[in-house]
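Beneath this line is the structure, given in structure tokens, with notes to follow.
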Amino acid sequence: ELVAEGTRLNEALHTWDQIEKLAEIGKEVNIEAVQKRIIETEKILSKMNKERNMKSARVEVLSELITVKNTNLETMKTEEEALKTAVEAMVSAPQEEFRRCVEELLKFSNADIKNLSKITKPSVGIRLCCEMLRTIFEPNFKPKRHAAETWQESVKFVSEKSFFIKLATCDADILSVDQMKILKKYVERAEFNANKIEHESIVCACLCRWIKTYNFSTLRVMEEQVEESKELREQIKQTEEKCENETNEMQQLKNDVEKLTNLIRENEQTLANDRRLCDYRLRSGDLLTALEPHRKQWKSQLKQNEKKQNELIGNTLLFSIHRSHLLCQEKTVSSMCISMCSSHLNSVSVPFDSSVATPSNVINRIIRNLKTSRKFCLFISSSESLLLNLRTVLPSATYLDMSRVTWKDSQMSLLLSKHIYSIVPTVFFNITEAPPPEMYEILMKSEEREVCYHNKSYELPDDILFVFVAKSISHIPDQIKKLMEVIVVSSNLDPIDDAEKTERNELASLLGEFTAADILESKELSRKAMQMATST
């Protein structure tokens with residue numbers, strides 16, 4: 001306890017020294033300039049926090065937009081792939097037919113081709129067939145006003161064998177949009193039918209089938225699918241561009257937010273430092289003034305503590321001798337032994353304080369330690385000072401005047417069970433007769449705890465405390481003396497005042513628990529320390 005008390009006092013004094021050092025730091029600061037800087041920093045922080053919140057909100061919005069766009073992109077790409085698959089399925093059959101037509105055309109001889117020139121009055125179907133071929137291979141072709149003149153030129157165009165080679169190697173991508181529109185008009189005419197013109201010319205019928213398969217074998221002729229694919233591709237491109245722009249914007253905003261966060265952190269640190277300086281300056285002065293008297297008191301207590309530690313062994317020995325001779329009740333022997341012990345301690349240089357080891361102090365120490373005693377105590381005293389000191393140490397105890405009742409009263413057994421299980425001690429005073437043998441098990445504080453009284457079983461609580469006070473020892477039998485700790489008080493006791501109670505200095509505890517910086521920076525701790533210092 002002495003070491004703990006010394007440590008607590010040293011910590012409190014150390015904290016006081018630190019407060020004094022921090023107060024010196026605060027004196028060097030221009031407090032008005034610091035307070036002005038605090039206001040400016042708070043404004044800057046408010047502006048930065050507002051900007052960061054706006055940009056953080058924008059980042060969240062962009063993140064949601066990008067997520068939606070990515071989802072839409074996946075959907076559009078899936079649709080685009082499905083469209084390509086559908087178109088490929090649509091053109092696969094015409095492409096096979098186109099290949100067979102090319103093989104059939106290449107089987108024709110020059111004579112078969114020249115037979116076209118023998119047709120002088122071609123039907124509309126044959127004439128349309130030849131004009132469509134010229135439309136495919138001659139981008140600037142336009143039918144002349146006279147059909148006969150156009151027919152002669154068309155026959156000459158298709159009569160060459162090299163023309164059929166062009167048919168076999170023709171690429172659909174050579175057609176322009178205008179050419180495809182013209183071909184569509186030709187193909188939609190009823191006269192353009194291979195079966196109708198086959199009796200006039202097998203070559204033209206085969207060319208008619210080639211034109212039809214050629215028309216369907218290219219994606220470019222399928223205007224709806226082509227247009228849908230173009231629109232879808234354009235949407236994908238625009239969405240990807242927007243997504244990229246928004247991603248870049250979001251990344252830039254994230255970078256700005258990170259920079260702002262770092263700046264805010266730096267300014268908050270600056271603000272905390274400035275506030276700390278103000279706290280040191282404004283709170284330390286008053287606190288030091290209030291703590292100064294306590295500081296002197298703590299130093300004094302610390303010296304007393306060190307003295308008590310040095311004298312602890314010697315004083316303990318003297319206390320033990322006093323206590324043992326109080327039990328044997330031999331004053332002469334007690335005085336002689338104490339004298340011999342004091343001489344011996346002096347001879348071996350063990351420090352002690354002879355004024356501490358007095359009968360009054362010893363008995364008062366026993367009274368203060370009643371709750372930790374191994375046995376119940378029986379005090380023999382005719383002085384009222386003993387009872388007064390008991391009331392000081394045990395203010396909440398139940399005091400039972402035994403001059404008004406006897407142990408054998410019928411109510412006593414009921415009262416005793418109540419006192420056994422009471423949460424407060426019970427003091428039996430003015431005892432004029434010894435407790436009956438039935439109570440001996442209770443007085444023994446049996447380790448088994450379970451006792452019997454008047455045929456009733458009781459289990460003694462761990463914290464049970466009975467104190468007995470009698471004015472004379474003559475009526476106390478030897479059996480009771482063996483069961484209890486009998487202490488004869490032959491003189492008046494010094495009063496036990498509040499100063500003798502072991503109390504914890506809350507102010508010293510506060511300064512020992514927290515650092516000087518903690519106290520000065522906390523308004524609550526500073527207020528609490530000031531309140532304790534001024535009220536003590």
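Quick note: residue numbers are just sequence positions, from 1. Computation of the quantities below employed the complete heavy-atom set of this structure, encompassing side-chain atoms and omitting hydrogens, waters and symmetry-equivalent molecules.
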With no hydrogens and no angle check, is any side-chain donor or acceptor of [X] less than 3.5 Å from a backbone partner on [Y]?
{"X": "Asn389", "Y": "Asp494", "result": "yes"}
{"X": "Ser526", "Y": "Ile519", "result": "yes"}
{"X": "Tyr421", "Y": "Glu459", "result": "yes"}
{"X": "His294", "Y": "Ala533", "result": "yes"}
{"X": "Thr239", "Y": "Gln235", "result": "yes"}
{"X": "Thr75", "Y": "Thr71", "result": "yes"}
{"X": "Trp407", "Y": "Glu433", "result": "yes"}
{"X": "Thr534", "Y": "Met530", "result": "yes"}
{"X": "Ser373", "Y": "Asn369", "result": "no"}
{"X": "Ser385", "Y": "Leu493", "result": "yes"}

Discussion item. Working note: Ser46 + Asn49, criterion side-chain hydrogen bond (donor to acceptor under 3.5 Å, both in side chains); need CA distance, chi angles, decisive distance, verdict.
Written reply: CA-CA 5 Å; Ser46 176; Asn49 280 314; over 6 Å; no
Just checking [X]: does its [atom1] atom have more than 12 heavy atoms from other residues, nucleotides or ligands closer to it than 6.0 angstrom?
{"X": "Lys69", "atom1": "NZ", "answer": "yes"}
{"X": "Lys259", "atom1": "NZ", "answer": "no"}
{"X": "Glu384", "atom1": "CD", "answer": "no"}

Answer yes or no: is there a side-chain heavy-atom contact under 4.5 Å between [X] and [Y]?
{"X": "Arg365", "Y": "Phe319", "result": "yes"}
{"X": "Leu511", "Y": "His14", "result": "no"}
{"X": "Ile66", "Y": "Glu244", "result": "no"}
{"X": "Leu302", "Y": "Lys299", "result": "no"}
{"X": "Ser381", "Y": "Lys471", "result": "no"}
{"X": "His344", "Y": "Met340", "result": "no"}
{"X": "Phe376", "Y": "Leu370", "result": "no"}
{"X": "Ser472", "Y": "Ile380", "result": "no"}

Between [atom1] on residue [X] and [atom2] on residue [Y], distance to nearest 0.5 Å:
{"X": "Ile476", "Y": "Ile431", "atom1": "CD1", "atom2": "CD1", "result": "6.5 Å"}
{"X": "Lys36", "Y": "Ile38", "atom1": "NZ", "atom2": "CD1", "result": "13.5 Å"}
{"X": "Thr372", "Y": "Ile366", "atom1": "OG1", "atom2": "CD1", "result": "10.5 Å"}
{"X": "Leu378", "Y": "Ile473", "atom1": "CG", "atom2": "CD1", "result": "7.5 Å"}
{"X": "Thr15", "Y": "Glu513", "atom1": "OG1", "atom2": "CD", "result": "10.5 Å"}
{"X": "Ile313", "Y": "Leu318", "atom1": "CD1", "atom2": "CG", "result": "12.0 Å"}

Nearest heavy-atom neighbours spanning [X] and [Y]:
{"X": "Ala508", "Y": "Ala12", "answer": "O-CB, 3.7 Å"}
{"X": "Leu232", "Y": "Met76", "answer": "CD2-O, 3.7 Å"}
{"X": "Pro435", "Y": "Tyr440", "answer": "O-CE1, 3.7 Å"}
{"X": "Glu246", "Y": "Leu65", "answer": "OE1-CB, 3.8 Å"}
{"X": "Ala470", "Y": "His475", "answer": "CB-NE2, 4.2 Å"}
{"X": "Leu394", "Y": "Tyr399", "answer": "O-OH, 2.9 Å"}

Worksheet item: Would Met484 and Lys375 satisfy side-chain contact (heavy atoms from CB on, under 4.5 Å), going step by step from the backbone distance to the final call?
Response: CA-CA 6 Å; Met484 304 174 67; Lys375 294 182 177 182; 5.7 Å; no
Worksheet item: Does the ring center of Phe468 lie less than 6.0 Å from the ring center of Phe379?
Response: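 Phe468 vs Phe379: aromatic centres not under 6.0 Å.
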Discussion item. Between Asn305 and Gln309, do the side chains contain a donor N or O and an acceptor N or O under 3.5 Å apart?
Written reply: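 Asn305 and Gln309 do have a side-chain donor-acceptor pair below 3.5 Å.
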Worksheet item: Would you say the side chains of Asn267 and Thr41 form a donor-acceptor pair under 3.5 Å?
Response: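 Side chains of Asn267 and Thr41: no pair found under 3.5 Å.
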Fill in: Aromatic ring pairing Phe428/His419, orientation class (parallel under 30°, perpendicular over 60°, tilted between)
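Rings of Phe428 and His419: perpendicular, over 60°.
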Worksheet entry | Option passing side chain to side chain donor-acceptor pair (under 3.5 Å) with Gln252 (candidates Asn255, Asn248, Asp256) |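 The passing option is Asp256.
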Is the shortest distance from a Lys or Arg side-chain nitrogen in [X] or [Y] to a carboxylate oxygen in the other one below 4.0 Å?
{"X": "Glu249", "Y": "Arg58", "result": "yes"}
{"X": "Lys456", "Y": "Glu438", "result": "no"}
{"X": "Glu51", "Y": "Lys55", "result": "yes"}
{"X": "Arg527", "Y": "Glu524", "result": "yes"}
{"X": "Glu81", "Y": "Lys77", "result": "no"}

Discussion item. Show, in sequence, the C-alpha distance, side-chain angles and deciding distance for Leu416 and Ile442, and conclude whether the side-chain contact (heavy atoms from CB on, under 4.5 Å) test is met.
Written reply: CA-CA 10 Å; Leu416 190 61; Ile442 298 175; 3.8 Å; yes
Discussion item. Could you go through Gln18 and Thr515, starting from their C-alpha distance and side-chain angles, then the distance that decides it, and tell me whether this counts as side-chain hydrogen bond (donor to acceptor under 3.5 Å, both in side chains)?
Written reply: CA-CA 8 Å; Gln18 293 299 315; Thr515 64; over 6 Å; no
Discussion item. Could you go through Thr406 and Thr432, starting from their C-alpha distance and side-chain angles, then the distance that decides it, and tell me whether this counts as side-chain contact (heavy atoms from CB on, under 4.5 Å)?
Written reply: CA-CA 9 Å; Thr406 65; Thr432 57; over 6 Å; no
Practice prompt. Could you walk me through whether Ser342 and Phe352 pass side-chain contact (heavy atoms from CB on, under 4.5 Å), step by step?
Written response: CA-CA 8 Å; Ser342 300; Phe352 65 93; 3.9 Å; yes
Discussion item. For a side-chain hydrogen bond (donor to acceptor under 3.5 Å, both in side chains) check, start with the C-alpha distance between Asn315 and Asp353, then their side-chain angles and the critical distance, and finish with the verdict.
Written reply: CA-CA 6 Å; Asn315 289 345; Asp353 185 356; 5.6 Å; no
